[in-house]
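Beneath this line is the structure, given in structure tokens, with notes to follow.
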Amino acid sequence: MARMTMIEAIRNAHDLAMERDKRVVVFGEDVGYFGGVFRCTAGLQKKYGPHRCFDAPINESGIVGAGIGMAAYGLKPVVEIQFADYMYPAYDQIVSEAARLRHRSAGDFTCSMVIRMPTGGGIFGGQTHSQSPEALFTHVSGLKVVMPANPRDAKGLLLAAIEDPDPVIFLEPKRLYNGPFDGHHDRPVVPWKNHELGDVSEDYYTVPLGKAEIARAGEAVTVLAYGTMVYVAQAAAEEAGVDAEIIDLRTLLPLDLDAIEQSVRKTGRCIVIHEATKTSGFGAELSALVQERCFYHLEAPIVRVTGWDTPYPHAQEWTYFPGPERIKQAFTQVLEG
Amino acid sequence: MARMTMIEAIRNAHDLAMERDKRVVVFGEDVGYFGGVFRCTAGLQKKYGPHRCFDAPINESGIVGAGIGMAAYGLKPVVEIQFADYMYPAYDQIVSEAARLRHRSAGDFTCSMVIRMPTGGGIFGGQTHSQSPEALFTHVSGLKVVMPANPRDAKGLLLAAIEDPDPVIFLEPKRLYNGPFDGHHDRPVVPWKNHELGDVSEDYYTVPLGKAEIARAGEAVTVLAYGTMVYVAQAAAEEAGVDAEIIDLRTLLPLDLDAIEQSVRKTGRCIVIHEATKTSGFGAELSALVQERCFYHLEAPIVRVTGWDTPYPHAQEWTYFPGPERIKQAFTQVLEG
Amino acid sequence: MTEPRPLALHVPEPGCRPGDTPDFSDFEIPRAGAVRRPEVEEAPEDMRDMAFSVVRVLNKAGEAVGPWAGTLDAEALRNGLRHMMTLRQFDERMLKAQRQGKTSFYVQNLGEEAVACAFRMALEDGDMNFPTYRQAGLLIAGGYPMTQMMNQIYSNSADPLKGRQLPVMYSARDHGFFSVSGNLGTQFIQAVGWAMASAISHDTRIAAAWIGDGSTSENDFHAAMVFASTYKAPVILNIVNNQWAISTFQGMARGGAVTFAARGHGFGIPAIRVDGNDYLAVHAVAKWAAERARSGLGPSLIEHVTYRAGGHSTSDDPSAYRSKDEFSAWPLGDPIDRLKRHLITIGEWSEDRHTQAQAEIVDTVRSAQREAEANGTLISGDKPSPRSMFDDVFAEMPPHLREQRQEAGY
Amino acid sequence: MTEPRPLALHVPEPGCRPGDTPDFSDFEIPRAGAVRRPEVEEAPEDMRDMAFSVVRVLNKAGEAVGPWAGTLDAEALRNGLRHMMTLRQFDERMLKAQRQGKTSFYVQNLGEEAVACAFRMALEDGDMNFPTYRQAGLLIAGGYPMTQMMNQIYSNSADPLKGRQLPVMYSARDHGFFSVSGNLGTQFIQAVGWAMASAISHDTRIAAAWIGDGSTSENDFHAAMVFASTYKAPVILNIVNNQWAISTFQGMARGGAVTFAARGHGFGIPAIRVDGNDYLAVHAVAKWAAERARSGLGPSLIEHVTYRAGGHSTSDDPSAYRSKDEFSAWPLGDPIDRLKRHLITIGEWSEDRHTQAQAEIVDTVRSAQREAEANGTLISGDKPSPRSMFDDVFAEMPPHLREQRQEAGY
Ligand SMILES: Cc1ncc(C[n+]2csc(CCOP(=O)(O)OP(=O)(O)O)c2C)c(N)n1
Ligand SMILES: Cc1ncc(C[n+]2csc(CCOP(=O)(O)OP(=O)(O)O)c2C)c(N)n1
Ligand SMILES: [Mg+2]
Ligand SMILES: [Mg+2]
């Protein structure tokens, strides 16, 4: 067991995967010699050579498209999109190709590939370094979508994603790279090395895709969250003194509906939180699913707390970000409702 | 007043817009000399010359990107993406550029542009000529999203979209181009020329964006639908003898929430229908909104009837398509619930 | 300074529209045998000339001449002729089947049979093509069972793609034929990725990418050029310039004014234009490029100059946008006629043998069709099960899809 | 046939990494004045040589020589020098402000000031640039108020972009400066569209597109080339080859092996490489391209060969991936030194005047900064209202945004 930041955990997962399976190749912009702008691949080129870990031209469609070809050949590409905001040029390759290949060829060709991308805001990155595009992936049949909230899960989920025979979108909440951020941007962040969730086994292990985790047990209200929002919800629950059950979804697709249903049936109330813009965000799907499956257990309307339907602003970042105050309001609303 | 197919109505809207406003320019793949693979722009090049209506290279990103530049200059481009399934290469330009330009430049530059695309299946087009990607647009702040269900609306909404100062995604349900399709694929389709909704004024008129229409009044259950699904829902209601109120949303963003709320408060039950895949489809947003706003009026869970979470298949098209039988089952479910 | 004149938009137009007389006089075609054959090791910058000419082997007299001649013996040429004839016959039957409603859609290869058929013979087993919908010749020449192709076209119970794909969107991994995508251009960069993977794995197999003239405009064409040249991927980048992209002529993709082959120059990729209706020339150039790739010299770009003699697909009527006489005026002729003529010229074929071969082929295709139709067509007989539609979205079916399948009644 | 050897992936590496001694000896630089100046009407295929050389005007002695000299008089050159000095000073202050926490991020132009500053002077009012984040020189040289730039950088209450955008993502329509996007390459095709619109409107204005060496790999570069060449759009396509893209050297975008300028050849677009650290050369080439565009001759491609002397941005530390000595070894020198030297050589400048000018500039920038800081910075003082965040998503605020604004408490 070692204390790792999320970055170190991700790097370690790459390392173990490359060590274990020669088919794993890693590439992306600035990923090779330099080791990635967030350093998630640092040291890999040196250890495994430039044919296993290398820089790519600045062309996201090319990165994913070449990855699909490699996966069709039988390798296991793990590619980095420098920021999730830059995945759009690759969207056609992801949606029309990676996601469809197995189905349209009836399994003649497959696409075992991981597409990693730092996601989310809270770093004064402005509208093109802050986005959370998960709903644009969950709508696409054929993709799995994962977002870890701590180093231990980041490593185990990434290894599971690399093992997975299908394309996996791996969203890394960059605000959590160095420590759990609870939304109080005016307070110092606890680094992972001082946090128990920074305890990561150095061995190879996987955290299964499709399984949520109860981040905080409670009886009064179910909170569905993922990534950074898990900690913001925790802070809000502590501060409001609400006995909230907070579920860290970890995998958005396939979704752990059992865990969700079980909790909502117990609490009768539900809050859905994400950083992405509200309309057609993944929270809409969660809300729809919960009301379809737990309608007769619901004692109040499900409340969504999300980013606003605006681009992610630079200076007004903390107005956009769904922080603890907004979640506390939602507690009031859903508990009184 | 004349009888027009939806294609003729769309062509007529182009014609009137170009006539009235010299800034309107029309281009896309096969759009110029030939007049579009669905003939929606036939005759325009001849009438207005090749500098106002022209063919484009096969590059959807280029078509939208060039359109953005033209809009920034002050023209009003109306571009065609040959099939909605081919919008993905343009997605970056649509999301990162067209949708954001006004906001990021604080109004210094704007993007008044219409992006038309034939949408939906039911024509044995297989997975790349059948998709309904509306939810991928409604999640993007800065885009308006429109889908007409009849020739009269197609013309009026297209003219409103062209007048609009912001980018509008204009989704044309291609299964309705020649007549209203009720989902009974084994029966002949009534052509628009024999249908009263084929009555279209030859004058310039607009149908305002953001306003839904009651396609069928009723008391028992509210059905939210758009495009082809409006007719499928009507058929299902007639056949099941259910007093359903069917709302043709027409504009998905901005959404006519008043119309929706008013109806659901009255009926206490709601079905949401679309052809797109279920998970994170626009139905999720509709379901979430309805339960947020009408929770205490709901007597049964909101039911979604949608395409399955698979690619749109070729031979099994009618298994995928949410036809009248599935809607009838939903009626039973929601009325007994 | 003088007052600048008002600008105007230049919108390219083809030389010839319906009613006009086709005129290919500004299409410069070198004599067969006239174009040099560089060594595969020659530096890309020293062979830029190859992108502005046309490699041709068969001359008007039906002889094979020049430095590119001689890559195939008579037996191989007769096979090639049979492949092309088979493909044409296959097209004819399937077009008819589509008109009879037995399927929804079809794409023919008329006039450009030599390109894929000859190219295939320059590859080795294990190499991988990333084709478009118009490279059925790769399957025919590669010995893929025609019945299987038809099963796919009919979306019947024996369809290897289980009815999921539009007709002609074949997939045949074991025959070096990647799953055809409906989206243009995407597969061009995938081929490069496959080739990179082969290089990463220290394999000896190479990839071949395919794209149409119109689709070179797509952005992923660029991705392929950047990646292939940067990593020296062992890939052959094929552009099939059949002059048309549905109703849009090659000038709208900036063809004509400059060659498509020349796109390679900005990346230091050697590029060759070849007479795509000359079976021998296509084969020779393909072999040259395959040798480059396999020797670690990296990518080559080939522009196959040909003509789409038929409609774009069964949904298209070309008489609306081009002259009906264009194909008869097309200066590179018909690939089948030209190879036949050559074989007769060298005494390896005759009109009688041709007639007999044609009869055999008609027979073979007909019986393949009978066999396929026994498995059903799109409108009649057995169909792939709707239940199977939910398979293969993922390797293992997740709970929500299992639930949906149940809801669908399967 | 011999057994083929196993393939291997070629991964390009720069000549020099931290600890190595920089070596630019394989970078062929013609003498100043040596490269010819084609007439703007010359056919693109006749000037391919221009993409493989480097247009230079200033020689080592500080003289302006050759056919490209003489486009600017001494007064204009002194202005140019002042623009570059101002930009450098501006960068220095803003870098410092960022380190002081007054803003979140900054991108400097160090070493490549000549490119945007000289280019701007070849345009007319009304022309439109589609810049990247590294063309602040267009604003400085165009007379855009520095205080406004700083207001934007500080996201303060006077920020014309209302705090919405990352620092340096300026927008200044009236100064011919399109809103900078955070997404690379997208604006290259937009510039072409703007130019097409000008042509459609029979206007006389032209557009200029900007992209970095690394970003030429992006797909939209291709879109721009296809559209610009096909429609002969009145646009200048600028590639700023500053050798680096964050940590990635130009070879990863297939630079070095072939020039970026040569990308034009596959589209029949005339392309010129220019010494980007030579103010006179950049101006002359820009004027040439502007004349072509304005005369209806269509697009030109310019590769500005320069060097990114600073870090990529304030988030970057280049010592991790390149030698610290690279800039001092860079053979094209410093653009400010070179122009200063020239002005002194021709007797139009002196060390004293330079010192005095520098002092004035320091003063001007400092007072602009004071003025800007009076409006607040990212961490202190006045800020754009959070309420305004909901504006401009659409021209008219739809009900759901109005509701959200209310929910947010504004
Ligand atoms: C991304 C995308 N855009 C548009 C289309 C529609 N489309 C199908 S084929 C075609 C023309 C392609 O022409 P070309 O590349 O020359 O190939 P050819 O049909 O001549 O073989 C078009 C525009 C598509 N399939 N995919
Ligand atoms: C679509 C996209 N991908 C990646 C990035 C991240 N990124 C920002 S700048 C940059 C390097 C660009 O290098 P270059 O084009 O050479 O311009 P320079 O910074 O040298 O001026 C990268 C990769 C981005 N902004 N947008
Ligand atoms: Mg073609
Ligand atoms: Mg650079």
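Convention: sequence-line order gives letters A, B, ...; per-chain numbering from 1.
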Exercise: identify the closest heavy-atom pair between [X] and [Y]:
X	Y	value
D:Pro386	A:Thr319	CB-OG1, 3.4 Å
D:Ser217	A:Asn59	O-ND2, 2.8 Å
D:Met252	A:Asp55	SD-O, 3.5 Å
A:Tyr86	D:Gly182	OH-O, 3.3 Å
D:Val393	A:Pro311	CG2-CD, 4.2 Å

### Query
Do A:Phe34 and D:Tyr321 make the cut of ring centroids closer than 6.0 angstrom?
yes
### Query
Any side-chain heavy atom of D:Asn219 sitting closer than 4.5 Å to one from A:Pro89?
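Side-chain contact under 4.5 Å: no.
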### Query
Heavy atoms, side chains only, cut-off 4.5 Å: are A:Tyr33 and D:Pro18 in contact?
yes
Using 0.5 Å steps for rounding, measure from the [atom1] atom of [X] to the [atom2] atom of [Y].
X	Y	atom1	atom2	result
A:Trp308	D:Phe390	CH2	CZ	5.5 Å
A:Ile58	D:Thr216	CD1	OG1	8.0 Å
D:Leu401	A:Asp309	CG	CG	6.0 Å
A:Phe124	D:Leu166	CZ	CG	11.0 Å
A:His51	D:His10	NE2	NE2	15.0 Å
A:Arg326	D:Glu407	CZ	CD	6.0 Å

Can you tell which of [options] has the highest number of heavy-atom pairs within less than 4.5 Å of chain A?
options	answer
D:Thr186, D:Leu161, D:Asn156, D:Leu378	D:Leu378
D:Pro167, D:Gly251, D:Gly409	D:Pro167
D:Arg405, D:His312, D:Glu218, D:Arg164	D:Glu218

### Query
Measuring heavy-atom distances to chain D, does A:Glu317 have an atom under 4.5 Å in its side chain, in its backbone, in both, or in neither?
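When you check distances to chain D, no heavy atom of A:Glu317 falls under 4.5 Å.
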### Per-residue contact mode, A:Phe83 against chain D (heavy atom under 4.5 angstrom)
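A:Phe83 has no heavy atom closer than 4.5 Å to chain D.
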#### Entry: Interface residue of largest heavy-atom contact number with chain D, from A:Gly32, A:Ala56, A:Gly35, A:Gly126, under 4.5 Å
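Winner by heavy-atom pair count: A:Ala56.
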### Query
Does any donor atom in the side chain of A:His314 or D:Ser104 lie under 3.5 Å from an acceptor atom in the other side chain?
yes
### Task
Scan side-chain atoms only and decide if D:Asn183 and A:Thr128 contain a donor-acceptor pair under the 3.5 Å cut-off.
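Result is no, nothing qualifies.
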### Query
Has the side chain of A:Gln316 got a donor or acceptor atom that lies under 3.5 Å from a matching backbone atom of D:Ser388?
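The answer is no, because no donor-acceptor pair under 3.5 Å joins these two groups.
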